[in-house]
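Here it is, the structure, as structure tokens.
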Amino acid sequence: MKKFLGAFAAGVKAMADGPTPDRFEVAGRPVRCPHCGGEHFLEGRAQLNTAGLTFLNLDWANRSAATLACVGCGRLEWFLADPEERA
Ligand SMILES: [Zn+2]
């Protein structure tokens with residue numbers, strides 16, 4: 001399991017702005033992993049294609065989404081809003 005998470009974190013790290021896990025908040029609320037309750041995530045970005053956005057009626061949104069990968073269990077959270085780093 002540790003090996004898997006290490007490989008996963010390395011993969012996420014490659015697309016993240018910063019390599020170290022941080023705590024985040026979105027819409028004024030702390031982001032907490034719904035699976036393991038962890039509060040430390042690696043931030044990344046994922047491109048959303050235009051066809052997908054149109055299908056989802058999300059043309060108003062940015063064409064990329066923020067991804068937060070839980071370092072505790074590997075769960076991936078997606079946000080269209082930019083998560084804020086918490087001190
Ligand atoms: Zn988790």
Side-chain angles (χ1 to χ4, degrees):
M1 194 61 184
K2 210 164 191 172
K3 193 175 178 184
F4 164 77
L5 283 177
F8 177 80
V12 170
K13 194 188 294 184
M15 60 180 189
D17 293 329
T20 52
D22 279 304
R23 302 196 303 164
F24 294 90
E25 67 178 42
V26 174
R29 293 181 59 86
V31 180
R32 184 182 297 250
C33 175
H35 185 69
C36 74
E39 292 189 330
H40 290 84
F41 297 87
L42 289 169
E43 186 178 23
R45 297 210 67 85
Q47 295 296 318
L48 302 173
N49 68 52
T50 306
L53 282 174
T54 301
F55 177 73
L56 293 168
N57 198 24
L58 291 172
D59 288 317
W60 50 268
N62 285 336
R63 294 205 172 125
S64 67
T67 58
L68 294 181
C70 174
V71 297
C73 71
R75 184 183 163 103
L76 196 58
E77 300 288 334
W78 291 68
F79 292 96
L80 288 172
D82 272 335
E84 304 282 334
E85 280 185 32
R86 296 165 67 199

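For this chain, numbers begin at 1 and follow the sequence in order. Note that ligands are numbered from 1 as they come in the structure, with each ligand's atoms numbered from 1 the same way.
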(request) For the Zn ion (ligand 1), count the protein N, O or S atoms found under 2.8 Å away. (result)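 The number of such protein atoms is 4.
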
(request) Kindly determine whether R23 and H40 satisfy side-chain contact (heavy atoms from CB on, under 4.5 Å), including the steps that lead there. (result) CA-CA 5 Å; R23 302 196 303 164; H40 290 84; 3.7 Å; yes

(request) Find the distance between OG1 (T67) and CZ (F79) and round it off to the nearest 0.5 Å. (result)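 It is 10.0 Å, given to the nearest 0.5 Å.
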
(message) Taking the side chain as everything from C-beta on, heavy atoms only, tell me whether D82 gets closer than 4.5 Å to R45.
(response)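 The answer is yes, as the side chains (C-beta and beyond) meet within the 4.5 Å cut-off.
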
(request) Given salt bridge (charged side-chain N to carboxylate O under 4.0 Å, His left out), test R75 with E77 step by step and report yes or no. (result) CA-CA 7 Å; R75 184 183 163 103; E77 300 288 334; 2.4 Å; yes

(request) Could you list all the side chain to side chain donor-acceptor pair (under 3.5 Å) pairs where at least one residue sits in residues 24-38, not counting sequence neighbours? (result)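 Those involving residues 24-38 are R32-E39.
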
(request) Could you tell me the separation between the CG atom of L42 and the OG1 atom of T20, rounded to the nearest 0.5 Å? (result)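 Result: 8.0 Å between the selected atoms.
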
